[in-house]
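What follows is a short report on a single structure.
Note that ligands are numbered from 1 as they come in the structure, with each ligand's atoms numbered from 1 the same way. Residues: numbered from 1 along the sequence shown.
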Amino acid sequence: MTIKTLPELANIHNACDDYDPNSMPVEQAREYIKAFLAPVKETEKIGLMSALGRVLAEAIIAPHNVPNHDNSAMDGYGFNADDLAAEGTTLLKVTGTAFAGNPLSGEFVRGACIRIMTGAALPADVDTVIAQERVKIDGDSIEIAEPIKRGANVRYAGEDLAQGQIVLPVGHLIKPADLGLIASLGVGEIAVYRKLRVSFFSTGDELASIGSPLKTGQVYDSNRYTIFGMLTRLGAEIQDLGAIPDDPALLEKTLQQAAETSDVIITSGGVSVGEADFMKQLLQKLGQVLFWKIAMKPGRPLAFGKIGQAHYFGLPGNPVAVMVTFYQFVRQSLFILMGQPSPAALPMLNAVCVSPIRKLKGRTEFQRGILFLSDSGDWQVKTTGNQSSGVLSSMSQGNCFIVLDDDVGNVEAGTRVQVQLFDGVI
Ligand code: AMP
Ligand code: MG
């Protein structure tokens, strides 16, 4: 695939040699989307405790070493390795104590040792620590009967983070470990990109809202709830615009309102064949939107584009297709829009599939699977059963997608397959 410059979505036909909206491989759709994303630029300073899931707008540089002093890795005794006898047992007098946060008072005098606790700073001239259980106490002295290397059980200043080093780069997504790491530098406030503003709504005349009884032919609007859940985990600032009937005037009003206040608009329904023309006209009037048929199952129809400055994702209506297209296209895009230049993909691994799977070549399938620890102690995967794109219980029961690429046909039980984890991650 070649993408030349893409200033306008309207030019995609000219700019991409192999652009075919009616049969687009999954990877190609990802690349096209990526080429049109304009990440958030505005930044803000926030307290560390509010920073989980946010993206760094300024690198974290270590203002000092971590640890700040050479210190003991053990509860034991500290001494200078030159004071050990060349052979046999060494007797060292214990002349003081160093605690974590309470260093040795006075100077350490060579030829002796000190009692030293884990994390306590090493006084000058102490370069080695022996664990307390490795020595024999003899009055106010200790006996060391084993050889011990200089520097044993010592944690050196700067061995975790060195002063001046880039600890975390711009574009890094803050995880729990990072909160601790930044705290270890004594930094309490950091610069992050502002939160991504995402509006979403469902479309369809058949949608009923929770609280009103179902009339014949109606379904409760479940997509808004799954989308809400996935966006919440991503840490977006979300705006729920409800369920909108297939009414051009109402849809137009809702889309325009969303475009004014959002970085991203996500809709479900209305982009499949039959409905596409209707939404297509509206979306083309309001912005630049491309309609694709992706070579994938579930989730064939997908619309992507811009309405004003807002990025637009038109997901299919089927409840499983909504989640699959969100995980395969929207998740990565939102991470990029949040300021991460190359977000980590969902974890992908290999496992033996114990279920036979019928599969047509020429499209990528995302079957819902359950990755489980077998009795023999290895991880295996089975399908959740009915793979219809309306069967949302498959996403609820499943913890992974069994990803079957375009060139894969039927899968026999016992074959290794690719497994993409979605449970607990977003
Ligand atoms: P559509 O893409 O609009 O043709 O919808 C495809 C299928 O998904 C239809 O069976 C719809 O009833 C169903 N569907 C669409 N939107 C929702 C929704 N928000 N919640 C549950 N099912 C939906
Ligand atoms: Mg519909």
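- Looking from atom 19 (N) of ligand 1 to the surrounding protein, the closest heavy atom is D221 OD1, 2.7 Å.
- Of all non-hydrogen atoms in S212 and Y220, the two that sit nearest each other are O-OH, 2.9 Å.
- Taking distance alone, with nitrogen or oxygen atoms compared against 3.5 Å, R224 stays at or beyond that limit from ligand 1.
- If you number the atoms of ligand 1 from 1 as listed, the ones under 4.0 Å from a heavy atom of G269 come out as 2 (O), 3 (O).
- By the 30° and 60° cut-offs, the orientation of the rings of W292 relative to Y32 is tilted.
- A donor-acceptor pair under 3.5 Å links the side-chain atoms of D127 to the main chain of A81, judged by distance alone.
- Between E42 and R194 a salt bridge is recorded (basic side-chain N to carboxylate O distance below 4.0 Å).
- By the criterion of a heavy-atom distance under 4.0 Å, the side chain of L207, and not its backbone, is placed next to ligand 1.
- Ranking protein heavy atoms by distance to atom 11 (C) of ligand 1, first place goes to E206 OE2, 2.9 Å.
- Nearest-residue assignment for atom 2 (O) of ligand 1 (options G314, A243, S202, G317; heavy-atom criterion): G317.
- Minimum heavy-atom separation, S199 to L241: CB-CD1, 3.9 Å.
- Using cut-offs of 30° and 60° for the angle between ring planes, the F304 and F313 rings count as tilted.
- In terms of protein heavy-atom proximity, atom 22 (N) of ligand 1 is nearest to P319 CG, 3.8 Å.
- Nearest protein neighbour of atom 16 (N) of ligand 1, counting heavy atoms only, is N223 ND2, 3.4 Å.
- In this structure, S222 counts as a contact residue of ligand 1, since one of its heavy atoms falls inside 4.0 Å of the ligand.
- Using bins of under 30°, 30° to 60° and over 60° for the plane-to-plane angle, the ring pair F228/F200 lands in the tilted bin.
- When side chains are defined from C-beta on, I12 counts as touching L290, because their heavy atoms get closer than 4.5 Å.
- Numbered from 1 in the order shown, with element, the atoms of ligand 1 that lie under 4.0 Å from a heavy atom of Y220 read 20 (N), 21 (C).
- Nearest protein neighbour of atom 3 (O) of ligand 1, counting heavy atoms only, is E275 OE1, 2.6 Å.
- Between V322, L315, N318, it is N318 that holds the heavy atom closest to atom 6 (C) of ligand 1.
- When only interatomic distances are considered, the shortest N/O to N/O separation between P316 and ligand 1 does not fall below 3.5 Å.
- Side chain of N102 to main chain of F99: no donor-acceptor pair is present (N/O by atom type, distance under 3.5 Å, no hydrogens or angles).
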